[in-house]
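We name chains A, B, ... by the order of the sequence lines, and we start the count at 1 in each one.
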There are 2 protein chains.
Amino acid sequence: MAEQVPRVVVSRLPLYYRILCLLEEEKKAVASSQELGARLQFTPAQIRKDLSYFGRFGKQGKGYNVKRLLQELRKILGLDREWGMAVVGVGKLGRALLGYGAFPVQGFRIVAAFDSDPAKVGRKLGNVTVQEITELSSALAGKRIHIGIVAVPPSEAQAVINQLISYGVKAILNYAPVHAQVPNGIQLRDVDPVMALQSMTFYLKNT
Amino acid sequence: MAEQVPRVVVSRLPLYYRILCLLEEEKKAVASSQELGARLQFTPAQIRKDLSYFGRFGKQGKGYNVKRLLQELRKILGLDREWGMAVVGVGKLGRALLGYGAFPVQGFRIVAAFDSDPAKVGRKLGNVTVQEITELSSALAGKRIHIGIVAVPPSEAQAVINQLISYGVKAILNYAPVHAQVPNGIQLRDVDPVMALQSMTFYLKNT
DNA sequence: CCGTGTGAATGAGTTCACAGCC
DNA sequence: GGCTGTGAACTCATTCACACGG
């Protein structure tokens, strides 16, 4: 990983991965940057340049071998393994996430769930039993948990994130509507449908 | 709307709106670009420039009046009114969205729900009764629905989006893991936690 | 001839730095 | 003195355009 890959490029890779999966299902063996771009509404040049950060996967005159490129992308994105996740907060949202099928299918497995509410502790949801949030430390020590999903009320989010990080979690998927601070090197992504809506109404308001 | 506002700028406005709401709750009357930037980890210059696309809201030597700026942002983002939304697909995800409290609190009201499964049609969920998806046309004609939320399986997403648009919906919040195509002028935002995870594992993979 | 990979050119977005006002 | 608003400088990202290989 000598050269620094721009963040925007990384953010597009999962998109490439997704259409390639689709193309594989369609039994397409080869795809050009042209075809990929048409599906994603990107320019072919952008796709070629993005991929060129990681190697030379194409064949001149033909395009990219779908299976090959998929495999490369899996390696690049770290999708050739399972990732253990812990959910903190098993309110309505947390429970929905525990039942969300797309996670396990893509290799993201929720292996622990926590809540501060004693009434919820001990309940079995899906494959996991809800634990008291104070057990975070011991629970994380045992299992290999790489990613924390935060589904607690806004007021608690930063504290929960701090705890997760202090126990070794390196990535946070944050559903709380809070702009959290994380130390350098820790990955953080916000999932916030309200913000998405608010950035659309800007364009809708004269309608 | 003479000058063209960059998309990135618009995407940051909801973030500004959010901390300003917080500051208002904290009874802070005035905030400088410095303070706002510190909370969001943006440079003060960026915040000033972003806001300058819309007017001159600050006072030199003091900063921005929190209440005033909030009001301006509400006007800019179109949050000074209610927005009617329709959910298509009332599986687990769709039902979670129907019960999601943050939408109504922020003025986003789900006023209709649709599904293609006859077993689900007629059920009352929250304030709305699930309708057959073929009734989309008549239902949208009656109520004022501005935004469509798509929570159907990937294979149906594009068709549903096309229908919504053909009946006058101008904005789509898409939960299906599909890169959909929409005509010019239609707003589309994807909510896809799996993609967020996949862009984090890139940075985690040597861990 | 078609399509990749890539330096060079262009375009977009961010930060600087300072004049002007409170 | 402190902080905004903003052109100018700079940095980062996208697109162009072409040499090269299949």
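Sorted by first and then second residue, the ring-ring contact (aromatic ring centres under 6.0 Å, His included) pairs with a member in residues 141-167 of chain B read B:W83-B:H146; sequence neighbours excluded.
Under the 3.5 Å distance criterion, the side-chain polar atoms of A:D115 are left unmatched by any main-chain donor or acceptor of A:G89. Within the 3.5 Å criterion, the main-chain N or O of B:I76 finds a donor-acceptor partner in the side chain of A:K205.
What separates CZ of B:R7 from P of D:dA13 is a distance of 18 Å, to the nearest Å. Nucleotide C:dT4 holds its C1' atom 12 Å from the CG atom of A:L36, rounded to whole Å. Distance A:L69 CG to C:dT4 C1': 13 Å, rounded to the nearest Å. In this structure, A:L51 atom CG and D:dT14 atom P are separated by 13 Å, rounded to whole Å. In this structure, B:D50 atom CG and C:dG13 atom C1' are separated by 10 Å, rounded to whole Å. A straight line from CD of A:Q41 to P of D:dT15 spans 13 Å, rounded to a whole angstrom. For the pair A:E72 CD and C:dG5 P, the interatomic distance rounds to 11 Å; values are reported in whole Å. The interatomic distance linking A:R48 (CZ) with D:dA17 (P) rounds to 13 Å, in whole Å.
Side-chain nitrogen and oxygen atoms of B:T43 include none within less than 4.0 Å of the OP1 or OP2 phosphate oxygen of C:dT14. Side-chain N/O atoms of B:Y64 include none lying less than 4.0 angstrom from OP1 or OP2 on D:dG2. Residue A:Y53 places no side-chain N or O under 4.0 Å from the OP1 or OP2 atom of D:dT14. Taking side-chain N and O atoms only, A:S33 has a distance below 4.0 Å to OP1 or OP2 of C:dT4. For A:Q60 and C:dC2, the shortest distance from a side-chain N or O to OP1 or OP2 is not below 4.0 Å.
Backbone-only engagement by A:R56 is indicated by non-hydrogen atom pairs under 4.0 Å involving sugar-phosphate atoms exclusively. Among the heavy atoms of the strands lying under 4.0 Å from A:R12 are primed sugar atoms or P, OP1, OP2 only; no base atom is included.
Each of B:K49 and A:G55 lies near DNA chain C, and the nucleotide nearest A:G55 is the one positioned closer to the 5' end. In terms of position along DNA chain C, the nucleotide closest to B:V8 lies nearer the 5' end than the nucleotide closest to the other residue of the pair B:V8 and B:G61. Between A:K59 and A:F42, the residue anchored closer to the 5' end of DNA chain D is A:F42, taking for each the nucleotide with the nearest heavy atom.
For A:R39 and A:Y16, the positive end is not near the middle of the six-membered ring at less than 6.0 Å and at most 45° from its axis.
If you check C:dT14, C:dG3, D:dT15 against the side chain of A:A45, the one that comes closest is D:dT15.
Taking each heavy atom of B:Y53 and B:K49 in turn, the nearest pair found is CD1-O, 3.3 Å.
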